[in-house]
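For reference, the structure is listed below as structure tokens.
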Number of protein chains: 2
Amino acid sequence: MTGTAIKNWQSVQQEVLNRINSRVWKPGELIPNEAELASEFGCARATVNRALQNLADSGLLERRRKAGTRVATHPVRKATLDIPVIRNEITGKGYSYRYALIKSETIVPPSDMVARMRLKPNEKCLHIIGLHMAHGEPYVFENRWININVVPDVFGVDFSEQSPNEWLVENIPFTSGDIAFSALTAGTFEAGMLSCKLGEGLFVIDRSTWKHEGAITSVRLVFAPGYRIHTEI
Amino acid sequence: MTGTAIKNWQSVQQEVLNRINSRVWKPGELIPNEAELASEFGCARATVNRALQNLADSGLLERRRKAGTRVATHPVRKATLDIPVIRNEITGKGYSYRYALIKSETIVPPSDMVARMRLKPNEKCLHIIGLHMAHGEPYVFENRWININVVPDVFGVDFSEQSPNEWLVENIPFTSGDIAFSALTAGTFEAGMLSCKLGEGLFVIDRSTWKHEGAITSVRLVFAPGYRIHTEI
DNA sequence: GAGTGGTCTAGACCACTAA
DNA sequence: TAGTGGTCTAGACCACTCG
């Protein structure tokens, strides 16, 4: 006997996981269809469906109508990262938070940024550079461009009080966005901002957000040495 | 009138998104309960539930029993990253793939690795260093420790033919794992492996996988300069 | 205690797609 | 064309938690 009753979708999922891990169902193999599993487990098909769909979302199963459900051979694992507001990320670690505005200007962005934000030629943007500090130490520096046509309200905001990161999150909802993680070699500018050595490897996040085809903002976050993002899989 | 009929959970989700983005429902605000929305949209409560649950998973709504559903004030955005097998990542970009085994030895790991994998003192591990190449160029180098007590089968494998990355994914299912992203400054070893300049900033992934409290493997992947991970949010 | 979301059920129909 | 997963429904009960 199984020992524990199978009555909810979590236990169905657990039982399916067990069969995958113990090789009862091998990679690439077809597993019984939802109706059969439902009758075996003594639950409704919808319950089995919920469990299998969840596992398919995590990449462990591959499902196709008519073809059935298979155990994935090369499971493409999915890692989910939380992207918090920087203030919360810092205070959440138990450090004090401080933000310093370094520069604020309204200028025409460099060509790579014009391309990325799909701006018109010679269209000006608000360019803001700021530094987030944890416990008085530089934590991450923020190099941001804001599309003033999409977000005209920015001119009424005092970004020496509140970082653009927070103001945008609270006030400008976005419909889509993209994010990239990479590494960068510290030049004189980065080293000066983060008070680290020249040539040090730094972690970088590039993020752009959009509101119905119009770029709201594009930002580069360069983190102080030692920063890491961690998650479970 | 809404124009489009609301009959399935996707359209319910879209309509809710619209109301959030257009500030009909403001951040922090309580939205109507599932039963009310169901009757407004003319669908079953389960359909509304599916839509709202999905939005709560993405961090846009906060739901609590009895307290109801609120629009998140500081939405903790979630980014989902695919972690493919390295061969597939490279061939998926249209490059040819090649793997070279650099070193394979059975030794006692350094103390930080003993701690991370929760090994017994003086317990030996299989230590494998290899290089994955794309289009003949170094792409990422893999520094891996494998727990031979949990995975005794590794001794029957020829890791000059198949990278441990692939072999483990195909043969050793894991029950949990963790992954971390960071940056590193290239030392002589890294620069030599990846044929890049000394002191260059490199992207790093550290990953460990577990099988019921026993560490299977712990690996550090150091990527060649220019590598980036990208995803939508 | 009462109101809310979380889930299960049994049945139904639909959408996709392999054969 | 037939078999599979995807989804909707109406109703029910439960679990949690706020007041």
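All figures in this text were calculated on a predicted structure; none of them were measured in a lab. All values below were derived from every heavy atom in this structure, side-chain atoms included, with hydrogens, water molecules and symmetry-related copies excluded. Letters go in sequence order (proteins before strands), and every chain restarts at 1.
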Asn49(A) side chain near dG6(D) phosphate (N/O to OP1/OP2, under 4.0 Å): yes
Nearest-angstrom distance from the residue atom CH2 of Trp9(A) to P of dC8(C): 8 Å
Spacing between Arg63(A) atom CZ and dG6(D) atom C1', to the nearest angstrom: 9 Å
Spacing between Gln13(B) atom CD and dT7(D) atom P, to the nearest angstrom: 11 Å
Between P of dG5(D) and CD of Glu34(A), the distance in whole Å: 5 Å
Touch class at under 4.0 angstrom, heavy-atom based, for Ala35(A) against every strand present: nothing
side-chain N/O Gln53(B) vs dG5(C) OP1/OP2, d < 4.0 Å: no
Rounded interatomic separation in angstrom, taking CZ from Arg64(A) and P from dG6(D): 11 Å
Spacing of Glu62(B) atom CD relative to dG6(C) atom P, expressed in whole Å: 13 Å
Donor-acceptor pair between Tyr99(B) and Glu161(B) side chains, under 3.5 angstrom: no
Distance below 4.0 Å between Thr47(A) side-chain N/O and dT9(C) OP1 or OP2: yes
Listed nucleotide nearest any side-chain atom of Ala67(A), set dA18(C), dG6(C), dT9(D): dA18(C)
Residue-phosphate contact under 4.0 Å: Arg65(A) side-chain N/O, dA18(C) OP1/OP2: no
Separation of atom NZ in Lys66(B) from atom P in dC14(D), rounded to whole Å: 19 Å
Within 6.0 Å of CZ in Arg228(A), more than 12 heavy atoms from elsewhere: yes
Donor-acceptor pair present, Arg45(B) side chain and dT7(C) base, under 3.5 Å: yes
Phosphate contact (dG6(D) OP1 or OP2) by Gln10(B) side-chain N/O below 4.0 Å: no
Rounded distance (Å) that lies between atom P of dC18(D) and atom CZ of Arg70(B): 11 Å
Residue mapping more 5' on DNA chain C - nearest nucleotide basis, Ala46(B) or Glu36(B): Glu36(B)
Minimum-distance nucleotide to Thr69(A) side chain [options: dT7(C), dT9(C), dG5(D)]: dG5(D)
Distance test, side-chain N/O of Asn8(B) to OP1/OP2 of dT7(D), below 4.0 Å: no
Residue met sooner reading DNA chain C from 5', once Ala44(A) and Leu52(B) are mapped to nucleotides: Leu52(B)
Geometric cation-pi criterion Arg116(B) and Trp145(B), 6.0 Å radius, 45° cone: no
Polar side chain donor-acceptor pair, Arg144(B) to Thr217(B), under 3.5 angstrom: yes
Side-chain H-bond candidate by donor/acceptor type, Gln14(A) with Asn18(A), under 3.5 Å: yes
